[in-house]
Amino acid sequence: MKFFDLYRKDRWPHMFCPGCGIGTAMNCFFRAFAESRLNQDKTVFVSGIGCSGRIPSYILADSLHTTHGRPIAFAGGIKLANPELKVVVFTGDGDLGAIGGNHFINGCRRNIDLTVICINNYIYGMTGGQVSTTTPFGYYTSTTPYGNKEYPFDLSEVAVAAGANYVTRWTTYHVKSLTKSIKKALVKDGFSFVEIVSQCPTQFGRRNDMISARQVFEWLKKNSVLHKKAHTLVEDHLDLNLMGKITVGEFVERNREAYTKVIGVRK
Amino acid sequence: MVTVINSDYCKGCNLCVVTCPVKVYKEGDKPSSRGYFVPKIVNVEKCMDYKRKKGEKKKCELCVLVCPDQAISWSNE
Amino acid sequence: MQGNEACVEGALYVGCKFFAGYPITPATEITERMAWRMHEMGGVSIQLEDEIASIAAIIGASWTGTKAMTATSGPGFSLMQENLGYACMTETPIVIVNVQRGGPSTGQPTKASQGDVMQTRWGSHGDYETIVLAPNSVQEMFDLTIEAFNLSEKYRVPTIVLSDADIGHMRGKFTVSEDIKFIDRKYCTKHVEHNAFICDEGLVPEFPKFGQGHRVHITGLTHDVSGYPKTTDPEIHAKLVSRLVKKIRNHSNEISRTEILNPKADTILVTYGSPSNSVFEVLSENHNIGLFRLITLWPFPETEMKQIAKTAKHILVLEMNLGQIYWEVERIARQAGCQKVELFSKIGGEIHKPDEIIKRLKNEVL
Ligand SMILES: Cc1ncc(C[n+]2csc(CCOP(=O)(O)OP(=O)(O)O)c2C)c(N)n1
Ligand code: SF4
Ligand code: SF4
Ligand code: SF4
């Protein structure tokens, strides 16, 4: 499979800003999808609203670009109504952690068979750089002109706590590991969650003394630490995540029976 | 085999320059027709050396995976 | 059987295979009965985390070619508004049952009301049309749920069964008529990738269900016939939204249903849902009064209303709200020549009693 077998070449070059990590995420997703030999005509791509929500409009497959925060709910309906379809969700940190938080935790809890890929750029990209639920403490956004006074969510740990079957996080710098993990997430039964910490040079970088994509990218690289003890929880997570360092790695791998299997949906 | 940058897609972010372990790319100094500074390919032979040195079957392709605009590809020339 | 239960049976009868809901009085019985009956019928019924998720899930399910429904009451219906607009924009067939209770806000959970009539029409942002049916009996909870599915499939539009606490909890029998029709949406027969929203003068595009290799992109953003977002071109937006509205308005005569008795009477009572049952009692003893019962609220049966208003001298609109469909009736009736159009409101959960209606009319005709 070639890149433009999966993506809509007629829509290139895409709309994302120069150096935006979303394009990197799309590369890794492509590799993982191609390597897992899934059928693109039996896969549905669902997204919410935001820059990250535009990914499915570039994918050459059935895709549903839904409302802000709700893609997991839409995706669940697709999966339950036709379990033969593989359903992949693309979402952003605002889409998933703020307005869609309820669907996120309940989707994990239900362990519904979805692969959810969140582009976490620490900010609301599409609406022009407002604070998000994942913006690190003290960082600047257009609605935190004095620095963010709230503590961020660790989306991956939320997913672990809520019961997802597979949870992993990498940054756009870790392209190889990320590709491997997406591949794993795609074939995993139940709810799998991939968090991709990504650079938004236009809205996040610019406001936090990193004027070029390259600077945010290097910042991600410098601040990442590998979470070695895969399959277990980070112990002192508050110290580690986002406030100082970005832990990357696999956080949980469970084998709880997937929701469609539990309820025995007929194919 | 040489690496090519598609200047219709490249937006001059220079992430390839940062990523390549053997410095195959160098920041561009002339704007493309779309107004972006497309990097220059300066050391393409190092890419093959790197592959040989690591004993890999394929090139590392970090640049291809990282390039957010799908501008990098390989051509047999 | 209860009205709410008859509604479930109607849905299953026309082949609804997916239900998602969130418990709320006075619609809970629908979610409960679905939980066991849907299982028996080999479909999926799920209680989700809220009403936003419920309508989202049925829209998703519908894109796999599955007939899907949700049920709620006022507070939940309010939460659904954004995705209701999404279903209109993406032309997704779904059925929403709203068993109305007293509002605004949490209001009167156990009491009937007709306060959501305008919300079904204007609740989501932007211009759009939906189809809204108003049952007045257990039998109609069954029949109109079926009709709602048929219309929603035919026009690719969300269709709302607008019931209320009294009808939902009313007990009675229903019969299954032999000539019930089942309408399924027209599926694409050809590969449509770049033409997902192309249609003929019927204005309803064929449905490219997911999983068939059509590779369509469906978005709530303004899109052209390819389905791709095109959000800044005024013409594309105007063309799309006008079509969404016209595909319903142009077919209003086919869609709209009314029940009319004594059309030439000087006094006409306009009613729908619960209060119509009192009006029937009034009519059985007063043969000089006419009835105009709306079975379809939206699109409003304008042609029939005009016809009646041409000869009527006095039109009295009975509603369990402070005046909603009244404004529509007044506008049309006045244009048609009837100058005396009045509203008889009742809120708080009581329906208009027959003797109250008679008293109200006394000074006028009797
Ligand atoms: C109900 C609703 N509220 C607000 C918005 C406006 N809005 C669009 S995108 C967005 C935030 C997107 O942020 P994120 O999910 O982090 O995605 P990103 O653009 O950063 O990829 C908001 C608030 C909306 N579209 N709908
Ligand atoms: S605003 Fe940020 S997230 Fe959106 S395309 Fe630009 S760089 Fe990417
Ligand atoms: S990474 Fe890609 S888009 Fe960025 S400068 Fe290099 S070739 Fe151009
Ligand atoms: S394949 Fe690896 S070594 Fe070769 S140019 Fe790309 S990043 Fe550099």
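Below, each value reflects all heavy atoms present in this structure, side chains not excepted, and no hydrogens, waters or symmetry copies. Residue numbering restarts at 1 for every chain, and letters A, B, ... go by the order of the sequence lines.
Under the 30°/60° scheme for interplanar angles, the aromatic rings of B:Tyr9 and A:Phe4 are found to stand perpendicular.
No more than 12 heavy atoms of other residues, nucleotides or ligands shown are found within 6.0 angstrom of NZ on B:Lys26. In A:Tyr140, the OH atom is not crowded: 12 or fewer heavy atoms of neighbouring residues, nucleotides or ligands sit closer than 6.0 Å. The number of heavy atoms from other shown groups lying within 6.0 Å of CZ (A:Phe90) is above 12.
The minimum heavy-atom distance linking A:Pro18 with B:Cys13 is given by the pair C-CB, 4.1 Å. In terms of heavy-atom proximity, B:Val66 sits nearest to A:Thr24 at O-OG1, 2.6 Å. Summarising the geometry of B:Val18 relative to A:Phe217, their closest heavy-atom pair is CG1-CD2, 4.2 Å, with the distance given to 0.1 Å. Across all their heavy atoms, A:Arg214 and B:Val17 have their closest contact at NH1-CG1, 4.3 Å. Across every non-hydrogen atom of B:Lys11 and A:Met15, the tightest pair is NZ-C, 4.3 Å.
When heavy atoms are compared at a cutoff of 4.5 Å, B:Asp8 approaches chain A solely by way of its backbone atoms N, CA, C and O. Interface remark: A:Cys28 contributes backbone and side-chain atoms alike to the contact with chain B (heavy atom separation under 4.5 Å).
Between the side chain of A:Lys176 and the main chain of B:Leu65, no donor-acceptor pair closer than 3.5 Å is present. No side-chain donor-acceptor contact under 3.5 Å links B:Gln70 to the backbone of A:Asn27.
In this structure, SG in B:Cys67 is found 11.5 Å from CE in A:Met26, a value given to the nearest 0.5 Å.
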